[in-house]
Amino acid sequence: MPQPVFVNARYEGRPTTGVERYAGEVVARLGAKVTLLRPARARRGAAGHAWEQLVLPRRLPADGLLWSPANSGPLRVASQVVTIHDASPLDHPEWFAPLYARWYGWLIPRLAQRVRRVITGSQFARNRLLAHCRIPPSRLTVIPPGVDRSRFAPQPATAVAAIRQSYDLPPIYLLFVGSLEPRKNLARLLEAWQRTSAELPDAALVLAGAPGRVFKGAGLPGVAPGVRRLGRVPETHLPALYSGATAFVIASLYEGFGLTALEAMACGTPVLASTAGALPEVVGDAALLFDPLDTSAIAASLSRALKDADLRRRAAPASLAQAATFSWDRTAQDIWTCLRSV
């Protein structure tokens with residue numbers, strides 16, 4: 001009989017970021033092949049880690065294989081595959097709350113050495129994990145995340161008009177979606193926006209996202225001209241927000257993958273992306289790339305996206321074509337193949 005596969009479902013009940021979306025999309029496609037092990041109620045922070053380290057191992061049958069999809073897992077369980085999305089707490093602990101940085105800085109290398117296989121989403125993340133964790137390269141597998149193109153797709157004009165009205169957005173806006181955290185480089189993005197916005201005073205820079213609990217502050221000013229801060233928006237609003245944007249911008253200093261850029265491309269939105277981390281792997285030749293440390297380069301990209309209609313027309317089909325190379329179905333199948341292989 002094949003070894004039964006169980007999923008560490010501690011991620012359930014947390015606000016949806018890329019990690020939770022990844023886990024939910026893959027688990028939904030694995031369906032009855034796996035059994036979820038979850039706490040009786042949502043546990044976050046120290047309580048969640050205590051459940052994961054102390055309770056979860058006792059609930060896993062002796063013959064079971066555990067898949068932990070959300071960056072952490074129980075150290076006592078060697079019969080485990082863990083997805084570690086990036087090495088940012090190891091590379092840049094200064095971006096995180098001190099306790100979080102110390103915990104993950106201690107946990108990730110030990111967990112990677114203990115489990116049977118580590119999955120990550122990009123070659124960049126694989127290289128950074130190999131730099132920090134003393135494990136054979138053969139035990140670290142790259143399986144990129146996907147995108148649900150039945151949901152993230154160009155939206156009809158009526159849906160775009162409704163979302164603009166709902167958030168009181170102008171017809172021309174640049175969009176950022178993500179946590180308001182240091183790695184997103186938002187201070188430089190806002191400085192670049194201030195240099196650019198005078199050229200199109202009716203345009204807006206829209207920030208959709210909220211500060212994360214585990215991150216240090218992003219250093220954003222309270223109010224900036226032409227900037228709309230929407231806070232965390234419902235998942236159902238994202239496809240129309242992406243579709244209505246003149247361009248999507250992600251100026252990150254570090255990304256283990258960059259799921260929001262992929263979602264924007266699936267909606268046919270031109271993408272402006274930094275050259276940092278895994279973003280060039282994700283966007284390919286379909287995006288306008290810039291150096292995230294060069295505020296002038298960011299400003300030039302924003303200006304070009306706002307003023308060059310030909311660029312936007314060419315970028316839209318290129319975005320769709322690049323997004324079509326990623327699929328949650330393929331991600332789930334590749335993860336299942338990896339689980340069965342160990």
inquiry  = How long is the straight-line distance from CG of Leu339 back to CG of Leu66, given to the nearest 0.5 Å?
reply    = 9.5 Å
key: Note: Glu255-Lys184 ion pair, threshold 4.0 Å (strictly below)   = yes
message = For Cys338, is there any backbone N or O sitting under 3.5 Å from a side-chain donor or acceptor partner on Ser341?
response = yes
message = Whether the side chain of Ser179 engages the backbone of Glu181 through a donor-acceptor N/O pair (distance < 3.5 Å, no angle test) should be reported.
response = no
query = Which atom pair, heavy atoms only, marks the closest approach of Ala70 to Tyr11?
reply = CB-CB, 4.1 Å
Any donor-acceptor N/O pair, Arg232 side chain to Gly178 backbone, under 3.5 Å = no
message = Quick test of your reading of the model: are Glu263 and Arg151 salt-bridged, counting only N-O distances below 4.0 Å?
response = no
request  = List the steps and the verdict of side chain to side chain donor-acceptor pair (under 3.5 Å) for Thr83 and Trp67.
outcome  = CA-CA 8 Å; Thr83 296; Trp67 176 45; 3.1 Å; yes
inquiry  = Counting C-beta onward and ignoring hydrogens, is there a side-chain heavy-atom pair between Arg38 and Arg10 closer than 4.5 Å?
reply    = no
ask   = With a 4.5 Å limit on heavy-atom distance, are the side chains of Met265 and Pro270 in contact?
value = no
Atom pair CD1 (Ile335) and OG1 (Thr337), whose distance is rounded to the nearest 0.5 Å = 10.0 Å
ask   = Do the non-hydrogen side-chain atoms of Phe290 and Thr275 ever get within less than 4.5 Å of each other?
value = no
message = Are Arg340 and Gln3 packed together at the side-chain level, in the sense that at least one heavy-atom pair is separated by less than 4.5 angstrom?
response = yes
message = Are Phe326 and Phe152, when compared by the centres of their aromatic rings, separated by less than 6.0 Å?
response = no
query = Minimum heavy-atom separation for Ala208 to Val233, with atom names?
reply = CB-CG1, 4.2 Å
message = Tell me whether the rings of Tyr100 and Tyr104 are parallel (<30°), tilted (30 to 60°) or perpendicular (>60°).
response = tilted
ask   = Do other residues, nucleotides or ligands put more than 12 heavy atoms under 6.0 Å from Asp285 CG?
value = no
ask   = So do Cys133 and Arg110 actually touch side chain to side chain, heavy atoms under 4.5 Å?
value = no
query = Does any N or O in the side chain of Arg195 come within less than 3.5 Å of the main-chain N or O of Ala300, such that one atom is a donor and the other an acceptor?
reply = no
query = Hey, what do you get for OG1 (Thr141) to CD1 (Ile119), rounding to the nearest 0.5 Å?
reply = 6.5 Å
query = Rounded to the nearest 0.5 Å, what separation is found between the CZ atom of Phe257 and the CG atom of Leu279?
reply = 9.5 Å
ask   = Are the side chain of Arg304 and the backbone N or O of Leu311 linked by a donor-acceptor pair below 3.5 Å?
value = no
ask   = Taking the side chain as C-beta and beyond, is there a heavy-atom pair between Gln53 and Leu75 under 4.5 Å?
value = yes
ask   = Does any N or O in the side chain of Arg312 come within less than 3.5 Å of the main-chain N or O of Ala247, such that one atom is a donor and the other an acceptor?
value = no
task = Rounded to the nearest 0.5 Å, what's the gap from OG on Ser252 to CG on Leu186? Could you check?
result = 8.0 Å
message = For the backbone of Ala297 and the side chain of Ser301, can you confirm whether one donor and one acceptor N or O come within less than 3.5 Å of each other?
response = yes
key: Euclidean distance, Leu56 CG relative to Gln80 CD, rounded to 0.5 Å   = 8.0 Å
query = Taking all atoms of both residues into account, what is the closest heavy-atom pair of Ala240 and Ala159, and its distance?
reply = CB-O, 3.8 Å
key: Other residues, nucleotides, ligands: >12 heavy atoms within 6.0 Å of Glu235 CD   = yes
key: Check: Tyr173 main-chain N/O paired with Thr246 side-chain donor or acceptor under 3.5 Å   = yes
Side chain to side chain contact (heavy atoms under 4.5 Å, CB included) between Leu107 and Asn71, worked out = CA-CA 10 Å; Leu107 176 68; Asn71 288 323; over 6 Å; no
query = Do Leu90 and Pro109 have side-chain heavy atoms sitting under 4.5 Å apart?
reply = yes
query = Is a donor on one side and an acceptor on the other found under 3.5 Å between the side chain of Ser197 and the backbone of Trp193?
reply = yes
ask   = Taking the six-membered ring where the residue is Trp, are the ring centres of Phe176 and Phe248 under 6.0 Å apart?
value = no
query = Should Asp86 and Arg128 count as side-chain neighbours, where that means a heavy-atom distance under 4.5 Å?
reply = no
key: Check against salt bridge (Lys or Arg N to Asp or Glu O under 4.0 Å), Arg183 and Glu94   = CA-CA 10 Å; Arg183 81 164 93 182; Glu94 72 276 9; over 6 Å; no
note = For Ile108 and Pro89, the nearest pair of non-hydrogen atoms, with its separation, is CD1-CG, 4.4 Å
query = So, Thr295 side chain and Arg188 main chain: donor-acceptor pair closer than 3.5 Å or not?
reply = no
